[in-house]
Protein chains: 2
Amino acid sequence: MAVSEKRINAVRKFNRFYTKHVGALNEGLLNSRFSLTEMRVLYELYSGDNLTAGDLVKSLSLDPAYLSRILKKFKSEGLLKTAKSARDGRQRVLIFTEEGRRDFTPFIKASQDEVAAILTLLSDAEQIRLIEAMNLISSTLAPAEEITDPVIIRSHRPGDIGWVIHRHGALYAQEYGFDSSFEALVAKVGEDFLTNYDPEFEHCWIAERNDVILGSVSLVKKDLSTAQLRLLYVEPTARGLGVGRKLVDECIRFARRKNYVKVTLWTNSTLYAAIHLYEEAGFKLIDEEPHHSFGQDLVGQTWDLIL
Amino acid sequence: MAVSEKRINAVRKFNRFYTKHVGALNEGLLNSRFSLTEMRVLYELYSGDNLTAGDLVKSLSLDPAYLSRILKKFKSEGLLKTAKSARDGRQRVLIFTEEGRRDFTPFIKASQDEVAAILTLLSDAEQIRLIEAMNLISSTLAPAEEITDPVIIRSHRPGDIGWVIHRHGALYAQEYGFDSSFEALVAKVGEDFLTNYDPEFEHCWIAERNDVILGSVSLVKKDLSTAQLRLLYVEPTARGLGVGRKLVDECIRFARRKNYVKVTLWTNSTLYAAIHLYEEAGFKLIDEEPHHSFGQDLVGQTWDLIL
DNA sequence: CGAAATAATGGATTTTGTCAAATAAATTGG
DNA sequence: CCAATTTATTTGACAAAATCCATTATTTCG
């Protein structure tokens, strides 16, 4: 399948742009006593554990001979020490000395400061979008085996319900053409949740990675035995990470713990991704009914899960 | 304002990731007769026009002497020719010879093929998302002088009111320790606006730059002759751009146009930045009254502007 | 006009990276 | 078990890439 030449060149343009950008960042560290390659080696050793020369050769694509000399220098300076590997007598495990770790920490700090200086120029929203974009690129281009940062599920904090309203309003308008009355409905639900929230029997979960929110869901008390799942949302950029499944699972676990007998939810037939999640979790379609809302002809659905 | 360490490290992680990624791409071109730096010089010349050595030194951050040697080699190989600049006799304009252009084209092709090979592994939607993410990163990180993009004031769209709730909830919790009941109040106001919005006499303005929201304000009808300014918000990182002033001005202009007699607003005494804006716009403090709300002891203020 | 700044280059040197071969320990296949 | 092969690291010799300092030719500025 042919790929559009425009897209190819857009990617190449970004490659050149980012090469320059990283180059500029590295210049800041350039007047130190370590070269760029030495820095990369030290950083890899700093963050990894029990690494051998061979590991570094592979992960940094370095010439073994070159690396050997770099390590020799570090050893002679007292930054590193080596220990014969227990598993393989040919290997040396590389270990930072106390002094080495102390000497190198300032460079980590400097590198962090440089990035921080760039981030402070951006608004909170810009930072979030930047990191989301970076995560998207990494996970798209990374070989599957590479691990990405973990998705964390936490309880809601101030601002989170607003975020839920914001994202529902924006995304459903964009993808399904819903009008403002949908955002108004979500705002009503959100306001109701914030005002009447009973922590004993209700909860809201936020999924995030790197302090960037990826999705959310809430569970409220409908009556003594029934909980209602509401406002499930997953960022388009986070699809495929299992965020939706994790959120639904949290809901069900919480409902069980609180001795609810049933979890119910209302959704619309066009929201395939969400409905798929509900089916997988064991929800059954109870009722369907057409309605005209949010400027669209829709089919509302009620799904129940008996616990 | 401090930037989250998680975010800093997420960015640094991406930098390392992309350094490796580009490094891997470059390896493909490595067994050619050009070095990486030579390649970058040739790309720059290939895509730019009428460049001088100085231009390249700046855009690629190269040592002038080093570049001079690279160019000398290219000239001796017949890839490039130079012409004295008309504007400045010290400068030489660098021009690809026919032969040079012909010789270099295959490398462009090879680089395109390499990128194409990666893109073909992705679905159409993934390609689009990848490129969008790259564009976002480029425009976000482009050198400061290029970020003089204008701040635009526009009317609200779906999702915007949610954003207003989100940012109020998050920032006022962080800076003033307000609890969730504040977010609930904002959500109530927002929901009310969305539900009862009368475009003829009410409005909400969003300030944004590069499609990123920086602030907002709304004006609603209180009675026939009085408009109420509500929910003024400016991103902390956008302070000093005149966003707040622009938003308040819009409000007042709109109120005048709609023949309101008075604009009123309610705020709290601790919100100095906002109050300063109101004073500058001509608002007068009418009434003050202590209250306990949002988990804090506060002093509520009513300000009026007679039009 | 003369002094200072700028664009480009040459000389000398250092730093960085590469290739081939050597050493030493493990693994494999009979 | 042992010879052959493979793997992890090191050394030697060298080449390529990059830098520092000084110089020349122009231009710009006061």
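Computed from a predicted structure; not experimentally measured. So you know, we letter chains A, B, ... as the sequences are listed, proteins then strands, and number each from 1.
- Between A:Ile131 and B:Ala10, the closest heavy-atom pair is CG2-CB, 4.2 Å.
- Atom NZ in B:Lys72 sits roughly 11 Å away from atom C1' in C:dG11 (whole-Å rounding).
- For A:Lys75, the listed nucleotide lying nearest its side chain is D:dT10; candidates were D:dT10, D:dT9, D:dA17.
- Nucleotide D:dT9 holds its P atom 9 Å from the CG atom of A:Leu56, rounded to whole Å.
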#### Entry: Letter per nucleotide, 5' to 3', of nucleotides 20-29 of chain D [B base touched, S only sugar-phosphate touched, - untouched; heavy atoms, 4.0 Å]
B----BBS--
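- With 3.5 Å as the limit, one finds no donor-acceptor pair spanning the side chains of B:Arg12 and B:Asn15.
- Between A:Leu67 and B:Leu71, the residue anchored closer to the 5' end of DNA chain C is B:Leu71, taking for each the nucleotide with the nearest heavy atom.
- In this structure, of C:dT9, D:dT11, C:dA8, it is C:dA8 that holds the atom nearest to the side chain of B:Thr52.
- Atom-to-atom, CZ of B:Phe74 to P of C:dT9 comes out at 14 Å; the value is rounded to the nearest Å.
- Between A:Met39 atom CE and C:dT15 atom P there is a gap of 16 Å when expressed in whole angstrom units.
- Between B:Phe107 and B:Tyr43, the distance separating the two ring centers is not shorter than 6.0 angstrom.
- Sorted by first and then second residue, the pairs that involve residues 96-105 of chain B and meet salt bridge (charged side-chain N to carboxylate O under 4.0 Å, His left out), not counting sequence neighbours, are B:Arg33-B:Asp103.
- C:dT16 atom P lies 6 Å from atom CD of A:Glu38, rounded to whole Å.
- Remark: P of C:dT9 and CD of B:Gln91 are 11 Å apart, rounded to the nearest angstrom.
- Under a 4.0 Å N-O distance rule, the pair A:Arg129/A:Glu132 does not qualify as a salt bridge.
- We find that A:Asp124 and B:Arg7 are joined by a salt bridge, their nearest charged nitrogen and carboxylate oxygen being less than 4.0 Å apart.
- The nearest whole Å value for the distance from the CG atom in B:Leu62 to the P atom in C:dA7 is 15 Å.
- In summary, the side chains of B:Asn135 and B:Ser138 do not present any donor paired with an acceptor at a separation below 3.5 Å, with no hydrogens or angles considered.
- Contact check, A:Lys58 against D:dA8: no side-chain N or O comes under 4.0 Å of OP1 or OP2.
- Going from atom CG of A:Leu60 over to atom P of C:dT16 covers 16 Å, rounded to whole Å.
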